[in-house]
Amino acid sequence: MSQLELNSELDENFEERVTYFADVILPIPLPGTYTYRIPRDLEEHIELGSRVVVQFGKKKILTGIVKLVHETVPKVYEAKYVLDSLDHAPVVNTFQLEFFAWLAQYYMCTIGEVLNAAMPSGLKLTSESLIQLNPESEVLGSEMEYSAKELAILNALKANDRLSFDQVSELLGVKMIHPVLKSLLQKESILLFEQVKDKFKPKTVKTIGLAGQFLEDESAMQLLFEQLEKKPKQQAILLKYLSLTRMDEGETKVRDILKSSLLTGDLSASSLKTLVKNEIFIEKEKIISRLDEIDGELEKNHSLSSEQQKALEEILLAFQKNKPVLLHGVTGSGKTEIYINLIQQALENGGQVLYLLPEIALTTQIVSRLHKVFGSALGVYHSKYSDNERVEIWNGVNNAKINLVAGVRSSVFLPFDNLSLILIDEEHESSYKQYEPAPRYHARDAAIWLSHLHQANVLMGTATPSVDSYQNALDGKYELVELPQRFGAGKLPEFELANILTSRKSKRMKGDFTPELLEGIKHTLEKKEQVILFQNRRGYSPYLICHDCNHVPKCQSCDVSLTYHMHNNVLICHYCGHKESVPAICDACGSTAIRTVGFGTEKLEEDLKILFPEAHIQRMDQDTTRSKYSYQHIIDRFERGETDILVGTQMLSKGLDFDKVSLVGVFDYDRIVHFPDFRSHERAFQLITQVSGRAGRKDDQGKVILQTGEPDEPLLYKIRTGDYKSFFQTEILERQNFQYPPFYRLIKVILKHKEKNILQQASKHYAGRLIGELGRQRVLGPQQPVISRIRNLYIEEIYIKIEKKKINVNKVKELAYKLGLDVKQHRDYKTLRLYFDVDPV
DNA sequence: AGCACGCCGACT
DNA sequence: GTCGGCGTGCTC
């Protein structure tokens with residue numbers, strides 16, 4: 001190569017030698033992004049949305065998402081290198097990056113917190129620090145002087161070859177292991193390294209196929225048969241294989257079949273092993289999808305009733321106006337059929353569909369219905385699914401294999417790039433709002449914002465619209481479509497009010513059952529029909545109390561009574577998870593007279609067993625539905641009529657249709673309606689309407705027996721007559737008079753500190769500053785929440801209340817945030833923790 | 001949020 | 001004297 005050419009090549013290289021930097025979002029609650037230098041060999045793999053592995057701090061290795069690639073050299077610090085890139089194509093798209101940033105801004109949290117909630121943990125790698133013996137230390141080893149601890153570690157390493165920090169700590173029985181490790185490192189006896197683990201494991205199956213030569217060569221097969229003549233077990237396997245692959249009928253295609261399908265009956269696994277060893281069969285491992293495959297014909301959708309058709313046309317018309325549509329359709333009006341119709345249209349036009357459902361509704365008939373219609377185009381995203389399954393859904397959406405997702409609130413985070421329809425079923429459900437941890441987002445509102453990004457249509461459906469959404473519809477922000485008829489002409493259930501007070505006075509109550517309800521249950525059972533008993537969960541956990549001194553066992557680090565769990569006889573703190581066994585004697589006075597109080601579904605179930613010993617009773621609550629399929633099993637048994645009485649909480653009210661339920665009993669209407677918060681009426685209307693909807697389908701009019709101490713309570717009349725509009729009119733006036741949403745926007749500020757006094761001072765100070773800026777009437781509190789201490793931190797709350805019109809929310813958010821930083825400057829308040837909950841429910 | 005570093009009291 | 005407790009500050 002000539003001198004000239006060499007020079008020009010150098011020049012060219014020199015010019016190309018721009019260093020790229022990546023701003024990386026890390027899944028940690030810190031504001032902002034972090035800038036890393038992209039090594040040249042990774043340049044072509046790293047783009048917006050790529051997953052990268054970076055070192056953060058001294059030892060943490062994290063997976064982050066690239067938010068920006070640029071050439072600006074950071075001035076104040078030396079950027080570390082990106083260690084690796086994980087994918088060939090980005091796992092997060094630009095819609096998502098924008099969406100995440102919006103969520104962080106709107107809900108006042110860090111983008112890292114959003115990322116953390118968004119990605120299934122299988123896509124987030126974590127590192128584990130490990131140590132191993134330094135192979136070169138053998139030479140030096142003998143001359144070294146080691147302490148007892150050091151020797152213990154070295155000996156353990158000889159046996160184990162690598163140890164994690166936790167293991168070392170366990171080995172030594174000490175938490176402080178760093179000094180010891182440091183000393184060993186200095187002596188060069190050990191090596192320290194980080195192991196990055198990819199947590200996602202594809203699901204595999206073992207397959208068996210016949211080795212090639214037997215397929216091609218008839219005579220080889222002949223020979224094989226002769227060889228196996230004396231080995232009947234192996235021969236049996238070969239015959240089974242041939243019959244399964246139909247090769248005996250002359251088909252010659254190479255076929256791998258499932259190992260499990262071959263080893264049925266008395267065929268032995270060890271014989272097969274021998275066959276594999278002798279290279280007659282070949283065993284392979286095949287990666288398969290965890291997502292259910294659907295066999296057979298997909299179901300055609302049913303034709304719509306004229307009511308449904310009319311609603312559908314109205315919806316399509318409303319979509320033209322580019323506004324979200326609120327579909328107000330009474331229970332049983334057949335909303336699902338309309339959804340299916342819209343989904344089909346969207347999919348046929350090549351768009352993606354997101355169908356949001358509350359968690360409990362998702363495990364039911366709706367999903368199996370969708371499965372029948374849409375088959376493997378449907379992905380289900382549910383919290384009870386394993387993380388690996390979630391990764392598969394994520395990837396499925398990302399590579400366009402899945403175009404329809406039915407999922408819980410977190411499915412708004414999936415990598416859609418072409419959403420054309422978002423359905424939000426049971427729009428009023430408060431479980432769409434996440435409370436702990438941040439991001440405290442509302443999936444309905446987030447989904448509506450997401451729809452703007454994608455230019456997607458939005459349909460919200462419910463029998464009992466939230467006050468917020470209905471007002472939005474009246475304001476013209478949403479389009480309202482009504483579906484007033486019950487599909488199949490079922491009637492509203494008949495309501496009977498059972499007066500608890502009069503029954504109690506005349507001593508006719510049996511435990512918590514009024515004579516009316518008992519009579520009703522008896523009657524229904526005699527008719528061989530089914531009963532659902534509904535018990536509100538709020539504030540109803542059973543606990544222990546000492547008969548002699550009234551002492552109630554409390555959690556040591558939270559300000560709550562421990563909840564008593566009858567089935568395994570333990571006390572559990574529902575806030576921090578602390579568990580303890582039931583004490584034999586009272587901690588306070590030593591008495592043995594400890595009894596259980598409070599009445600949850602467990603207690604109800606026990607009572608029912610005594611009152612109706614013949615009946616099959618099943619309880620359905622958090623406790624009995626912990627595992628993935630337990631909910632489905634309970635429902636199935638009930639559907640098959642194996643259960644007569646189903647006792648449960650809220651989860652009974654969602655998306656379940658049973659034909660033989662003719663009685664619904666409601667226990668604690670009074671508690672629901674008098675719950676101390678401004679949404680209690682709204683919640684009562686929704687809840688009672690929804691559970692009542694479970695009574696009586698098709699031909700029969702069902703019955704609801706509602707136990708209450710005040711049968712004349714005004715809201716009750718509206719619930720009984722199903723008069724949503726009248727409920728709404730009364731409620732909306734209240735909201736206006738008392739300055740609540742939807743006219744005012746709320747931001748809850750949560751302050752925590754381990755010192756009660758300091759917390760109170762700091763909260764007062766913070767509230768004072770807020771009042772100074774916003775005025776007295778816009779700030780409520782500070783006040784102690786019902787649970788005033790969790791995990792040893794005391795809690796205070798402040799509500800910021802601002803008019804939706806006139807005031808710029810973003811300014812207020814900024815102010816609240818800055819004042820928080822300000823207060824934390826004060827040297828007494830440095831460890832104060834501040835959290836925000838925007839639009840709390 | 002972790003995690004190191006540093007200062008402090010309390011024990012083998 | 002170490003061990004283990006926090007408070008404080010930093011992470012590209």
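Order of the sequence lines fixes the chain letters, A, B, ..., with proteins taken first and strands second; residue numbering starts at 1 for each chain. Computed from a predicted structure; not experimentally measured.
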Starting at [atom1] of [X] and ending at [atom2] of [N], how long is that distance when rounded to a whole Å?
X	N	atom1	atom2	result
A/Q55	B/dC3	CD	P	13 Å
A/D23	C/dC12	CG	P	14 Å
A/L68	C/dC12	CG	P	19 Å
A/N116	B/dA1	CG	P	12 Å
A/E113	B/dG2	CD	P	11 Å
A/K75	C/dC12	NZ	P	19 Å

Shortest side-chain distance from A/K58, nucleotide among B/dC5, B/dG2, C/dT11: B/dC5
Salt bridge (charged side-chain N to carboxylate O under 4.0 Å, His left out) pairs, two or more places apart, involving residues 783-794 of chain A: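 Of all non-adjacent pairs touching residues 783-794 of chain A, none passes salt bridge (charged side-chain N to carboxylate O under 4.0 Å, His left out).
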Residues forming a ring pair (Phe, Tyr, Trp, His ring centres under 6.0 Å) with A/Y36, sequence neighbours excluded: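 Not a single residue meets the ring pair (Phe, Tyr, Trp, His ring centres under 6.0 Å) criterion with A/Y36.
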Residues which pass ring pair (Phe, Tyr, Trp, His ring centres under 6.0 Å) with A/Y766, listed by chain and number, not counting sequence neighbours: none
So, A/N116 side chain and A/G112 main chain: donor-acceptor pair closer than 3.5 Å or not?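 Absent.
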For [X], which residues count as a salt bridge (Lys or Arg N to Asp or Glu O under 4.0 Å) partner, sequence neighbours excluded?
X	value
A/R37	A/E78
A/D587	none
A/R440	A/E436
A/E113	none

When you measure from every atom of DNA chain B, which of residues 26-39 of chain A have a heavy atom less than 4.0 Å away?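 Within this stretch, A/P29, A/L30 sit under 4.0 Å of the strand.
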Looking at residues 101-111 of chain A, who's got a heavy atom less than 4.0 Å off DNA chain B? none
OP1 or OP2 of C/dC12 versus the side-chain N and O atoms of A/K80: is any pair under 4.0 Å? yes
For A/S557, all residues meeting side-chain contact (heavy atoms from CB on, under 4.5 Å), sequence neighbours excluded: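 A/S557 satisfies side-chain contact (heavy atoms from CB on, under 4.5 Å) with A/C555, A/C576, A/N792 once adjacent residues are dropped.
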Matching residue for A/T33 among A/L26, A/L68, A/D23, A/I65 - test: side-chain contact (heavy atoms from CB on, under 4.5 Å):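 With A/T33 as partner, A/L26, A/L68, A/D23, A/I65 yield a single side-chain contact (heavy atoms from CB on, under 4.5 Å), made by A/D23.
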Each nucleotide N or O in nucleotides 6-9 of chain C that has a protein N or O under 3.5 Å away: list the pair and distance.
residue : atom : partner : partner atom : Å
C/dG7   : OP1  : A/K754  : NZ           : 3.2

Show me, pair by pair, the donor-acceptor contacts under 3.5 angstrom made by side chains of residues 833-841 of chain A, not counting sequence neighbours?
residue : atom : partner : partner atom : Å
A/D837  : OD1  : A/K433  : NZ           : 2.5
A/D839  : OD2  : A/Y106  : OH           : 2.7

